[in-house]
Amino acid sequence: MSRFKRIDSIVEAVGNTPLVRLNSIERDTPGVKIYLKLEYANPGGSVKDRPALQMMKDAIDSGRLTKDRMLIDATSGNTGVAYSLFGACMGYKIALVMPSNVSQARKNITQAYGTQLIFSDPMEGSDGAIRLVRKLVSEEPDKYFYSDQYSNPSNPRAHYLGTGSEILQQVGSEITHFVAGLGTSGTVMGTTRRLREHTRKVVCVAAEPAEALHGLEGLKHMESSIVPEIFDAKLPDEIMPVPTEGGWDMADRLAREEGLHVGHSTGGNVWAATQIAKKIKEGCVVTIACDRGDRYFAPMRWEKNYEW
Ligand SMILES: Cc1ncc(COP(=O)(O)O)c(C=O)c1O
């Protein structure tokens with residue numbers, strides 16, 4: 001479906017994202033094509049638009065989300081932006097729980113849509129936000145619809161129906177490998193399930209931060225985290241550790257060499273794609289651009305040249 005179209009609501013602008021070839025990065029690994037699916041082209045600017053919208057639609061259809069309840073969830077930012085924009089557009093109230101040290105830009109974006117923000121302990125990271133939202137919901141169960149992106153099957157379903165299907169339409173049988181980072185794991189779980197239905201084997205790799213304390217915002221180091229219920233460690237063919245440095249350096253290269261100013265998890269995804277490309281002599285690796293780099297202009301905890 002063309003992006004050149006007239007739409008009745010911003011909801012209809014979700015999906016149908018471009019797939020761009022990484023001509024410069026590819027030169028390091030001749031014989032292997034590398035493609036990046038630009039999920040930042042979604043209206044909320046990230047890979048989380050599809051799952052947020054799917055979770056809301058499925059909850060509305062089943063009667064779990066109504067206009068007199070408030071959707072609440074723990075989010076590091078991008079899912080919150082997506083809930084906020086669709087909530088504003090469709091007329092649903094949104095409350096987000098996030099660690100208080102997420103960037104000011106993230107807080108400003110979600111508040112611009114009229115969303116209520118609740119802050120959790122920054123020292124407890126995204127797991128602290130999950131614990132706080134569970135407490136709030138257990139105290140007032142009738143007030144909230146807890147969307148729970150870490151356990152909600154509509155999250156991976158969005159990528160099964162959207163991301164995975166679109167990748168096959170865009171590259172067809174050429175695809176040999178898919179790789180994406182693990183946050184909630186929705187992208188990897190849903191896309192992998194769809195790619196597995198393809199007639200030819202597609203090797204699907206999950207990328208995760210190599211260290212527990214890392215600077216790849218949006219991604220989870222599973223061993224030291226609350227493991228998402230939707231995550232099935234047996235589904236990917238491989239789980240690849242990604243060093244923060246690799247992700248940050250690749251994000252710089254993507255801006256300078258490809259004109260793609262992306263966030264660090266995207267740098268991590270493309271770093272992982274190049275590791276796959278180095279191992280295979282020929283093939284076609286597809287990965288995901290989760291969000292844009294301008295979301296990270298505000299200072300973050302992890303700094304280059306700084307060791308924990
Ligand atoms: C910037 C960024 N990258 C990657 C991810 C991981 O995606 P998923 O939750 O589908 O595993 C997220 C998810 O929150 C994210 O915000």
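Computed from a predicted structure; not experimentally measured. Just follow the structure's listing: the first ligand is 1, and inside any ligand the first atom is 1. Counting begins at 1 with the first residue of the sequence.
Heavy atoms of Asn78 found under 4.0 angstrom from ligand 1 belong exclusively to the side chain. Under 4.0 angstrom from ligand 1, the non-hydrogen atoms of Asp291 all belong to its side chain. Contacts between Cys290 and ligand 1, counted as non-hydrogen atom pairs separated by less than 4.0 Å, involve the side chain only. Contacts between Tyr40 and ligand 1 below 4.0 angstrom, taking non-hydrogen atoms only, are absent altogether.
For atom 13 (C) of ligand 1, the nearest non-hydrogen atom from the set Arg50, Lys48, Glu217, Arg292 comes from Lys48. Among Ala207, Gly218, Ala180, Gly77, the residue whose heavy atom sits closest to atom 15 (C) of ligand 1 is Gly218.
With ligand atoms numbered from 1 in the order given, ligand 1 contributes 6 (C), 8 (P), 9 (O), 11 (O) to contacts under 4.0 Å with heavy atoms of Gly183. Residue contact check: Leu219 has heavy atoms under 4.0 Å from atoms 4 (C) of ligand 1.
Through ILVMFWY side-chain contacts below 4.5 Å, Met123 is grouped with nothing and stands alone.
Residue contacts with ligand 1: His159 is placed with no nitrogen or oxygen under 3.5 Å of a nitrogen or oxygen of the ligand (distance criterion only).
For residues 107-119, the side chain to side chain donor-acceptor pair (under 3.5 Å) pairs, not counting sequence neighbours, are Ser84-Thr115, Gln104-Asn108.
Ligand 1 is never approached by Ser46 to a heavy-atom distance shorter than 4.0 Å.
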